[in-house]
Amino acid sequence: MCFYSSRMHFVCLDCRAAWKKTATSRGPGRCLQCRAELIDAGADLAVPKRRDTAGWRALEAVLRAGLTFHGGCCGTGPGYRPRTPREVRERLALAGRTGMPLTKALATADPARTDRYDAEARTPGRP
């Protein structure tokens, strides 16, 4: 039996704040503190603490790239998402080296392993 959460996380990156809202709420709405538009991050988001600057920087990079934390069927979850700025930098470097799209690079669990096995397949000029 599949379980889908009816409450989604809506995030304000400027204020480092998150709210849970249901689908029947009036749209994503605006931040209660700064009135900026809230981002629908999905039900599976683990919101960093407000004082965790590094965690919020990583979350901002993931959300600005277009990745969200919407789960799949039967508890499969959204897949890997980087949690620290170092993990984000490693995946940005992978995207630069291999030409991989940024969203795919950010969702890669181990950039060293992907680079080792898949970089030759993406080298320009190879058949």
Under the side chain to side chain contact (heavy atoms under 4.5 Å, CB included) criterion, do V88 and R57 qualify, and how do the steps go?
CA-CA 9 Å; V88 171; R57 282 196 329 242; over 6 Å; no
Evaluate K21 against R7 for side chain to side chain contact (heavy atoms under 4.5 Å, CB included), listing each step before the verdict.
CA-CA 5 Å; K21 293 186 174 193; R7 294 172 44 149; over 6 Å; no
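The pair E87-R91 fails the salt-bridge criterion, with no side-chain N (NZ, NE, NH1 or NH2) lying under 4.0 Å from an Asp/Glu carboxylate O.
Nearest heavy-atom pair, L67 versus A107, reported as atom, atom and distance to 0.1 Å: CD1-N, 4.1 Å. The nearest pair of heavy atoms linking A54 to P85 is O-CD, 3.4 Å. The shortest heavy-atom contact between L63 and A41 is CD2-CB, 4.1 Å. What you find for P82 and A58 is that their closest heavy atoms are O-CB, 4.2 Å. Closest non-hydrogen pair, R50 versus A17, comes out as NH2-CB, 3.6 Å. Looking at every heavy atom in both residues, L94 comes nearest to T98 through O-OG1, 2.8 Å.
In this structure, CG in L92 is found 12.0 Å from CE in M100, a value given to the nearest 0.5 Å. Distance check: L59 CG to R16 CZ gives 11.0 Å after rounding to the nearest 0.5 Å.
Using modelled atom types, no side-chain atom of R81 and backbone atom of L106 make a donor-acceptor pair closer than 3.5 Å. The backbone N or O of V47 lies less than 3.5 Å from no partner atom in the side chain of W56, so there is not a single donor-acceptor pair.
By the rule that hydrophobic residues join a cluster once side-chain heavy atoms approach within less than 4.5 Å of another member, L32 and L38 end up as members of one cluster.
Of the residues D40, L45, I39, the one that meets the side chain to side chain contact (heavy atoms under 4.5 Å, CB included) test with F10 is D40.
Side-chain atoms of R30 and E37, non-hydrogen and from C-beta on, do get closer than 4.5 Å to each other.
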